[in-house]
Structures are given as C-alpha cells and as structure tokens.
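Notes for the one structure printed next.
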Amino acid sequence: MIDILYFAWVRERIGLPRERVDTEATTVAGLVDELRAREDRYALAFADISALRVAVDQELADFDAPLVGVREVAFFPPMTGG
Amino acid sequence: MIDILYFAWVRERIGLPRERVDTEATTVAGLVDELRAREDRYALAFADISALRVAVDQELADFDAPLVGVREVAFFPPMTGG
Amino acid sequence: MIGVRVQTEAFDAGAELNAFSEGLQAGAVVTFSGLVRDAGSMIAMEIEHYPGMTERAIAAIAEDAAARWSLERVLVIHRHGRLQVGAPIMMVATAARHRAAAFQAAEFLMDYLKSRAPFWKKEIGADGAEWVAAKASDEDALTRW
Amino acid sequence: MIGVRVQTEAFDAGAELNAFSEGLQAGAVVTFSGLVRDAGSMIAMEIEHYPGMTERAIAAIAEDAAARWSLERVLVIHRHGRLQVGAPIMMVATAARHRAAAFQAAEFLMDYLKSRAPFWKKEIGADGAEWVAAKASDEDALTRW
C-alpha cells in the first residue's frame with residue numbers, strides 16, 4: 001500500500017488530495033500507467049507527464065524512480081514558491 | 001580664492017580640515033604642486049598622488065581637472081563607505 | 001543558526017529583521033521579502049503546500065546556503081493559505097561577514113524556494129481563479145549555482 | 001520615491017523596512033544592513049564624511065539605481081560619527097516588481113556606496129586607531145555595472 005498525494009491542479013483534476021492504493025508497479029512511471037487506466041480524470045491529470053513533478057517519500061524524484069519500500073508518492077505541477 | 005578641504009588621514013597629516021588659499025594654479029595638479037612646496041606636512045600628505053582622490057565642487061574629478069571658476073577642492077584617500 | 005518557519009499567520013518583517021540582527025558578529029545582513037503584488041484584478045492569493053516536505057525542503061536549502069557561504073545566521077519564513085493583496089508572503093534573511101556572501105546566499109535561497117520548495121500559488125480574481133504557471137526563467141536561474 | 005538620510009543617530013532597521021514596504025505595489029523588497037563587525041580588539045568605529053557632497057553623491061547613486069531597475073522605491077541611510085561594535089552603520093532598501101531587479105539594485109547601491117560616497121572609516125582599538133584601507137576588490141566590484 002502506498003499513499004498517493006495530489007497538489008494544485010493535479011488535485012483539482014483528480015478530485016481528491018490523497019488516496020491509498022495497492023499497486024503492482026515497480027516504478028513511479030508504472031504507477032502512473034496504472035492510475036491513467038483507471039478513469040478519465042486520472043488520464044487527464046497525467047496526460048502530459050512533462051508538465052508534472054513527482055516526490056517520493058517527500059524528496060523530488062524522477063519518473064523512473066523505483067517504488068520498493070516507498071510509503072508516499074506525490075504528484076504536482078512545477079512549484080511556484082517564493 | 002579656493003576652499004580646500006582635507007579628509008581622513010590627509011586631514012590628519014596636514015593638521016587641519018580646511019583652509020582658504022589664493023592660488024595661481026590652473027589645474028588640480030598645479031594646486032597640489034603649490035601645496036607640496038609649502039611645508040613638509042603637505043609634501044608628506046601629497047607624496048603619493050595615486051593614493052589620493054580629489055573632488056572639485058563636490059564631484060569626483062581627475063588631477064588634471066581645470067580650476068577655472070572652482071570654489072571648493074577636496075583631497076582624501078579612497079572612500080570606505082557602506 | 002538556521003530558522004525555518006512555514007505558517008498561515010502574517011509575520012512582522014521589521015521585527016524579524018531586528019531579532020535576526022540582534023547580537024550578530026557578522027557585519028552584513030541581507031533580507032528579501034515578497035509581498036502579494038497588486039496585479040490589477042486580483043483579489044487574493046491562495047498558497048497550497050505539501051506539509052512535511054515543505055519544511056524538509058526549505059531546511060535542506062537553508063543548510064546548503066549556510067554551508068556554502070559560511071553564514072552566521074539564516075532565516076526563511078513562508079506563508080500558505082489565503083493572502084490579501086499587499087500582504088507579506090515570505091521572507092529570507094542572511095548574515096555573513098561580507099556583503100557579497102550575504103547577497104549571494106539570499107539570491108540562492110530565493111531561486112531555490114521558487115522552484116524547489118513545494119508551494120503552489122493561485123491567483124483569486126473577480127472572474128475566477130488561476131494557478132500561477134512556473135516560469136522557465138525561474139528554472140533557468142538555478143543553473144548559476 | 002527616493003529617500004536619502006545621512007545622520008549620526010542610530011536608526012531602527014526593522015521599523016525602516018516596515019515603513020518602506022507599506023502600501024507598495026511592487027512584490028519584491030531587498031534590504032542590506034551593515035553593522036559594525038566585532039573584529040576582536042576593536043572598541044568602536046569612527047566614520048568621517050564630507051557634508052554636502054555625501055548627500056549629493058548618494059542621491060545620484062540612488063537615482064541611477066531607481067532609473068536602471070525601475071524601482072518603485074529606494075532608501076539609503078548612512079551614519080557617521082562614533083559607532084559601537086554591533087551598531088547599525090547603514091542600510092539600503094529597494095522595491096521592484098521582480099526579485100532580480102530588487103537584488104541587483106541593492107548590490108549596485110552597496111558597491112557604489114563603498115567606493116563612491118565620501119565616507120572614511122577608522123577603527124578605534126584598545127591600542128590605537130587605524131584608518132580602514134580601501135580594498136581593490138571593492139573598486140573592482142564597480143566594473144560589473
């Protein structure tokens with residue numbers, strides 16, 4: 001089981017801030033493929049992966065990052081702090 | 001008649017902050033030559049012109065600046081503000 | 001000494017600057033403060049963040065800056081939630097022996113906070129709301145460090 | 001809006017920052033404050049200046065910065081006379097639409113104040129006093145602008 005968090009317009013498109021999923025994916029990219037296949041709102045949110053950033057256990061990561069032992073994955077648009 | 005001002009160690013070496021002089025010099029460099037010839041303390045203060053800066057009527061200037069119509073000339077070491 | 005605060009409450013930038021400068025050995029203090037800019041039709045700004053990761057990311061950036069520029073102190077305050085036009089959004093402060101280090105560290109902090117701390121700004125206007133898009137220039141700014 | 005103050009009295013950097021930021025349209029405010037550094041044997045710092053020229057030189061530098069970086073506001077405060085260790089010497093503040101302009105303008109102001117405003121610092125120690133020598137690096141810093 002992995003906690004998945006969504007922020008900003010990713011959260012709005014998917015319609016929820018977080019969920020717990022049971023996944024067989026071994027990488028973030030594999031997890032994205034599983035989510036995309038679920039429903040249109042996921043397919044829409046993940047349509048253009050280049051517009052998204054991902055954090056694995058609260059550290060910025062790449063989409064090919066492994067999911068072994070991971071507890072939390074977050075998807076969001078590029079950050080706009082400061 | 002021109003007002004001459006001295007600051008920082010130039011003031012200390014010459015021993016006064018300002019004086020009024022009657023000069024025939026047509027440039028700052030000419031004025032420096034006149035001052036140097038006066039007394040040792042002036043010769044000492046103006047020994048190394050490259051260590052000095054000059055302002056003519058409160059604007060930074062070069063040593064070859066003309067003195068025509070000038071009311072105030074100031075000599076001082078490089079500034080250390082901020 | 002590294003201070004990091006992530007909060008919804010307003011802060012008093014002047015009081016923060018004075019507290020930050022108190023008893024310093026260093027001679028140079030630089031601050032940056034960001035305010036909600038008055039962009040015409042905007043009513044407010046809403047800032048979302050990633051609790052937990054935000055604090056970690058900012059602390060990592062601040063520690064990096066402190067080490068690189070031998071800072072005596074560094075402070076980062078960043079708000080989230082709904083902010084009115086003109087309100088303070090965030091502030092950084094750096095204290096170093098010399099001015100170049102204090103300036104560079106503050107610019108470095110700002111460049112990293114812009115693109116690497118998990119905050120997302122949304123502009124609330126009279127006609128609706130819009131997420132602020134990240135600028136390519138902000139990403140590019142990181143390449144200089 | 002350009003503010004220039006040359007004074008012997010102490011100033012409250014925090015209060016200045018808050019007053020400076022009040023009612024701004026700009027979103028980015030940068031301050032630099034310089035304190036008398038605690039350099040070990042030093043008891044105090046004595047700052048001499050050139051009354052009249054000082055104000056003119058600083059105003060010219062500030063106007064130049066305001067024009068070059070389209071600043072909404074700029075403030076320069078510089079003290080002279082005898083200052084204790086840890087005391088505030090001077091402060092600049094800049095307000096601009098974007099952070100890069102506010103940072104650059106503040107660095108420009110500092111570089112010019114260091115080498116082009118007629119102030120001379122003397123360090124008063126237990127064993128005597130010594131004029132602070134200008135650094136070649138401060139003169140070199142001007143070439144970047």
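These figures come from a predicted structure and were not determined experimentally. Convention: sequence-line order gives letters A, B, ...; per-chain numbering from 1.
Within 6.0 Å of atom CD in E24(B), 12 or fewer heavy atoms from other residues, nucleotides or ligands are found, so the atom counts as exposed in its surroundings. The 12-atom threshold is not exceeded at CZ of R71(B), counting heavy atoms of other residues, nucleotides or ligands nearer than 6.0 Å. Surrounding CG of D48(B) are more than 12 heavy atoms belonging to other residues, nucleotides or ligands, all under 6.0 Å away.
A heavy-atom distance below 4.5 Å is not found between the side chains of F119(D) and M79(B). The shortest side-chain heavy-atom distance between K114(D) and T80(B) does not fall under the 4.5 Å cut-off. Looking at heavy atoms from C-beta onward, R56(D) lies in side-chain contact with E59(B) at the 4.5 angstrom threshold. With a 4.5 Å cut-off on side-chain heavy atoms, E48(D) and F76(B) do not count as touching.
Using a 4.5 Å cut-off between heavy atoms, H80(D) does not touch chain B at all. Proximity to chain B involves both the backbone and the side chain of R116(D), based on heavy atoms less than 4.5 angstrom apart. Contact of A8(B) with chain D is made through backbone and side chain together, with heavy-atom distances under 4.5 Å.
Judged by distance alone, the side chain of H78(D) and the main-chain N or O of G81(B) form no donor-acceptor pair under 3.5 Å.
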Chi angles and distances behind the side chain to side chain contact (heavy atoms under 4.5 Å, CB included) call for Y50(D), Q58(B): CA-CA 9 Å; Y50(D) 183 169; Q58(B) 304 193 355; 3.7 Å; yes
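Residues of residues 122-145 of chain D that come closer than 4.5 Å to chain B, counting heavy atoms only, are K122(D), W131(D), V132(D), A133(D), A134(D), ordered by residue number.
With chain D as partner, the option from A55(B), P78(B), P17(B) having the largest number of non-hydrogen pairs under 4.5 angstrom is P78(B).
Among all heavy-atom pairs drawn from F7(B) and P51(D), the shortest one is CE2-CD, 4.5 Å.
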